[in-house]
Every structure is written in C-alpha cells, then in structure tokens.
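Remarks on the structure that follows.
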Amino acid sequence: MADPKGFLKHGREVAETRPVAERVKDWKEVYVPGSLLPIIPTQASRCMDCGIPFCHNGCPLGNLIPEWNDYAYREDWAAASERLHATNNFPEFTGRLCPAPCESACVLGISQPAVTIKNVEVSIIDKAWDANDVKPQAPERLSGKTVAVIGSGPAGLAAAQQLTRAGHTVAVYERADRIGGLLRYGIPEFKMEKVHINRRIEQMRAEGTRFRTGIEIGRDLKATDLRKRYDAVVIAAGATTARDLPVPGRELKGIHQAMEYLPLANKVVEGDFVAPPITAEGKHVVVIGGGDTGADCVGTAHRQGAASVTQLEIMPKPGEERSAGQPWPTFPMLYKVTSAHEEGGERVYSVSTTHFEGDEDGNVKALHLIEVEFVDGKLEQKPGTERVIPAELVTLAMGFTGTDVENGLTSQFDLELDARGNISRDADFQTNVPGVFVAGDAGRGQSLIVWAIAEGRSAARGVDRFLTGASDLPAPIKPTDRSLTV
C-alpha cells in the first residue's frame, strides 16, 4: 500500500486544463503538458489500506490499482508500468477516455473524494513511454495458426495483440483508411491525440501483427472467403448502427449523425482536408444527445467557430451527488461537466424534438422542441412548453442500436443475433459458427472502452483455446458480465 495516512493528509487534485481561450484555437489535448506528473505520487498516496479494494470490481479489466498506486507513490515507474500492463493492453487509451467506474467504486469515495485513479494510470503509462519502457513483446515461437480480426477499435486491437503474443499469425482488417476504429475517427483529438494510437500500432507491428486498411468485410471481401483463409476469425466491428430521429424535417440538409460529423474533423487534423466538408463555422449548432459523444460534438463545434452551441437531452438533469437509489459502489448517473462544456454552450434537459424547419433551399434553419416529464413512469409532453431554437447544423448523438447488418457481414457468416441486435456468443465468446468469435460492442452493445478491451482479452483466450486446445491467456470477464451500474 501507499502512505497509510495519505488520505488523511492530502485532498484530491486532478489534471490542470489549459485556458479555454487558448485550447479552443487548436486540437491538442486540453491538459497542461507536464502538469500532472509532479502531483501524482501524492495523489497515489491517498490509496487506502481498505482491505477489499472494490476498485478491482469497478473495472472490468480487474486492474491492480492498489499495487500500481503504491509504485507510483514510491516513484518506481517501471514497476508501476509492469503492473499496469499486466491487465490492460492500452492504459494510455483508458487513462484518457474511460469514465473511471473504478473511481466510483473506490472505498475512499464513501466519505471523501475518490483517489484520482485515472490520472495516476495515465501518468504511469506516459512516463513509461518517455522512458522507453514500453517494448514490443514478440512471441518466442509461432503456432502455425492464423487469425483474422475484423475491426481495429479497442476490442479488436486487444484481441489481436493477445493472440499475436500467443504465437498466432494475426491480420487486422479495418474498413477505414487508418487503424483505430472509433479511437481514430470517433474520439476528437482534444480528448486523445492520435500519436498514442500510432505508437501502439508500431509496437504491434514489431510484435508481428499485420494490418489491412480500406477493406470492409461483407462488401470488399466476402465473410465466407475470409473464413476460408484463416483458422479463426474475431469480429470486433463495433455497434455502428446509429439511433435515428424520425421526425418531420429529418431529411433536411445540415442534419447529420455524430459519426458522420466527428470523423471529418479528425481527418482535417490528419491532413486529409484543409477544411471539413461538414463544419460548424459561423452556424447555430444543436447537438441532440447528452452523453459523451454529444460532448465531443460540442467541443468540436467550439473549435470550428460555431456561432452558438446547444445540447439537448430528453432525460432530466442528473444530480451532482449520489442519490439513495445510486449507492456506492455502483457507477452513478451524475451531472458531469466535461472540458467541452467548460468551453461554452447551453445544455437543455427534459426536452424532445418535435420537428425541424427548413429554408427555401432545403437547409435546416430551426428546431422545434417541447418539454417532457415522467408521469407514472412514462415520458409525456408538457402542453404549452413548445419553443423554437435556431439550428443550422444538427448532430444526432443518441447512441447506437447494434452492429452493422447492412454490409452483409452477419448474413454471409449466417450469424445469430440476440433480441438487441448484437451478435450472440457462448461462454468462450464464440458465435454459432465454429471458429468465429465476437468481442466488444458487436456482441455486448454500446459500452465503455474498458469493457471493449476486457472483451478483446477474453475473446483472445477463447480463440487460443479453440486453436490449441488450451490457453494461458487471461480472461477478465464473461460474455454475460454486466457493469455494476444504476
């Protein structure tokens, strides 16, 4: 453990962000470079000798949090990195993007602000990269078996890295032009600069993983042909079918799904465009959906110079503290102010869009909304609360309903889907088709990055056992496991 009295002597300090006026002018990460590391040993010392570290269960990866907190407190960064990588292939991703259910389960959080687990994690891995402690781990011998991984998001990359290190020859297929899945094109640069993906890809290449971009399985290459080429297949294609808003005016120009809008901004940063084909510059922007993807749209619109940004959420505004119905150690639904929200804009809760209004050229110009409330457990409109707000660019960030079935991937494999549109699988993450496995959102449904990596690691064990008859790879979760949440 760290300092036995650390939690009594020190308060919680988090990463320092750059001034809003500065950071909205660029796409760099919002945090002050180098400001976190000096405070991390002290913050790690707040980790208690709690007996039963519930943070382990809060994280589906089973991260060894008290152990690497102790090493960080003692500034033994190499040992801390080793403990971090023991359960997580990509801590620099989770340390930046995960909403930290581990902190919600922190025992200290019962009576005080929780340990800054996420900040400690990202500090350890950034220090490891700076010290050149992150090395390729090529297998000692090859198995002679081949595996295709469909999708290069966190689940696909985790599965690929685990299987490569187990000695199998792995090829990752990605339909986009670059590796990374939603990490590459769904997460804005200001939340995670893509250098963190690029150097992991180089590590994986050095270990032997092969990457094939610009190939969509189902369209560019039939799933049945892929199955013939490889001894096993892992589907990690995500849950990319976006929830739509079927109201009058939806067909107007200027209304886009969030995943039509966000990737274009990332492509500008990559150098593919001078200006994005869809931009918020000078426009009144409305973001429909109050989650993290919606916040990403808000932050992107600020950087593109929007005239105004309004974020709409159909649910009531969450509380700022746990309610009696959200007890520790569950992951509570709390009011959250992200870096994007700090930068401006208006957030409106308990409203529903009734229809869009367009101009004579077919462009959206306004959004009509009405307030809603729960009555006997049902959401109902409140008469007399209608109003109109300007809307020249609308992004729909209302979540996803399941994996893509339009491209033929599921039908060509003849895969079974569950009632929620996810690909069904057994206890080893294997589908109804022998040798075809599924990991991440394609099998679980829309979820968190930590669940994706955990699924990739667990599916890799199932594949390894299928190919060799046994496996020493870790499997942190079962397909039926669910987060401890309200």
Side-chain angles (χ1 to χ4, degrees), residues 27 30 97-99 153 181-192 238-247 249-267 276-280 283-304 306 308-318 333-356 364 367-369 372 379 389-404 421 441 445-449 452:
W27 294 92
V30 301
L97 305 176
C98 181
L182 286 184
L183 293 172
R184 174 74 64 181
Y185 287 134
I187 301 298
E189 193 85 357
F190 60 82
K191 284 182 67 174
M192 186 180 75
T240 56
T241 302
R243 183 174 285 108
D244 213 330
L245 186 62
V247 299
R250 170 63 179 89
E251 74 286 352
L252 291 168
K253 290 179 286 186
I255 304 172
H256 304 276
Q257 289 288 351
M259 288 306 150
E260 295 171 346
Y261 171 63
L262 292 173
L264 297 175
N266 283 4
K267 282 179 170 289
I278 303 172
T279 180
K283 297 177 182 177
H284 296 290
V285 178
V286 178
V287 178
I288 302 179
D292 288 339
T293 302
D296 293 344
C297 292
V298 170
T300 299
H302 288 320
R303 282 157 181 76
Q304 291 178 343
S308 70
V309 182
T310 306
Q311 187 175 17
L312 307 181
E313 170 57 53
I314 196 170
M315 300 299 290
K317 181 180 177 179
M333 302 302 177
L334 300 177
Y335 180 70
K336 183 168 64 172
V337 179
T338 70
S339 65
H341 297 128
E342 293 173 350
E343 295 161 2
E346 182 182 6
R347 303 168 77 178
V348 184
Y349 290 89
S350 297
V351 293
S352 177
T353 302
T354 60
H355 64 281
F356 298 105
V364 66
L367 180 149
H368 293 246
L369 56 80
V372 295
L379 207 58
I389 60 174
E392 296 166 304
L393 172 64
V394 178
T395 61
L396 307 180
M398 302 180 296
F400 302 87
T401 59
T403 196
D404 189 353
D441 290 1
Q446 180 184 355
S447 190
L448 306 178
I449 184 173

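The shortest non-hydrogen separation linking Val286 to Ala391 is CG2-CB, 3.6 Å. The heavy-atom pair separating Ser350 from Pro316 by the smallest distance is OG-CA, 3.2 Å. Minimum interatomic distance between Val298 and Gly344 (heavy atoms only, all atoms of both residues): CG1-O, 4.3 Å. Across all their heavy atoms, Ser352 and Val372 have their closest contact at CB-CG1, 3.7 Å. Minimum heavy-atom separation, Ala397 to Ala258: CB-CB, 4.0 Å. In plain terms, the two heavy atoms of Ala242 and Gln257 that are nearest each other are CB-OE1, 3.3 Å.
Proximity of Met259 to Leu182: side-chain heavy atoms (C-beta onward) are separated by under 4.5 Å at one or more points. Put simply, the side chain of Thr300 reaches to within 4.5 Å of the side chain of Phe190, judged on heavy atoms. A heavy-atom distance below 4.5 Å is found between the side chains of Leu367 and Ile288.
Contacts classified as side-chain hydrogen bond (donor to acceptor under 3.5 Å, both in side chains) and involving residues 284-296 (residues at least two apart or in different chains) are given here: Lys191-Asp296, His284-Ser308, Asp292-Lys336. Residue pairs that meet the salt bridge (charged side-chain N to carboxylate O under 4.0 Å, His left out) test with at least one member in residues 249-264, sequence neighbours left out, are Asp244-Arg250. Evaluation of the salt bridge (charged side-chain N to carboxylate O under 4.0 Å, His left out) test over residues 337-350, restricted to residues two or more places apart or in two chains, returns Arg23-Glu342, Arg23-Glu343, Arg303-Glu343.
Looking at residues two or more places apart in sequence or on another chain, you find a side-chain contact (heavy atoms from CB on, under 4.5 Å) between Leu252 and Ile255, Phe356, Val364. Evaluation of the side-chain contact (heavy atoms from CB on, under 4.5 Å) rule for Ala306 yields Ala280, Val285, Ala301, Val309 as partners, not counting sequence neighbours. Legend: residues meeting side-chain contact (heavy atoms from CB on, under 4.5 Å) with Glu313, ordered by chain and number and at least two apart, are Met315, Tyr349. By the side-chain hydrogen bond (donor to acceptor under 3.5 Å, both in side chains) test, Thr401 is found to be paired with no residue, residues two or more places apart in sequence or in another chain being considered. Among residues two or more places apart in sequence or in another chain, the side-chain contact (heavy atoms from CB on, under 4.5 Å) test is passed with Ile278 by His256, Tyr261, Leu264, Leu393.
With values rounded to the nearest 0.5 angstrom, Thr354 atom OG1 is found 6.5 Å from His368 atom NE2. The NE2 atom of His341 lies 8.0 Å from the NE2 atom of His302; values are rounded to the nearest 0.5 Å. From Arg184, atom CZ reaches atom CE of Met192 across 8.0 Å, with rounding to the nearest 0.5 Å.
The closest donor-acceptor contact from the side chain of Asp441 to the backbone of Ala452 lies at 3.5 Å or more, if one exists at all. Although no hydrogens or angles enter the test, the distance criterion places no donor-acceptor pair under 3.5 Å between the side chain of Thr353 and the main chain of Leu369. A donor-acceptor pair under 3.5 Å links the side-chain atoms of Gln446 to the main chain of Phe400, judged by distance alone.
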Query raised in the report: Between Thr395 and Leu262, is a side chain to side chain contact (heavy atoms under 4.5 Å, CB included) present by the stated rule, with each step listed?
Result: CA-CA 9 Å; Thr395 61; Leu262 292 173; over 6 Å; no
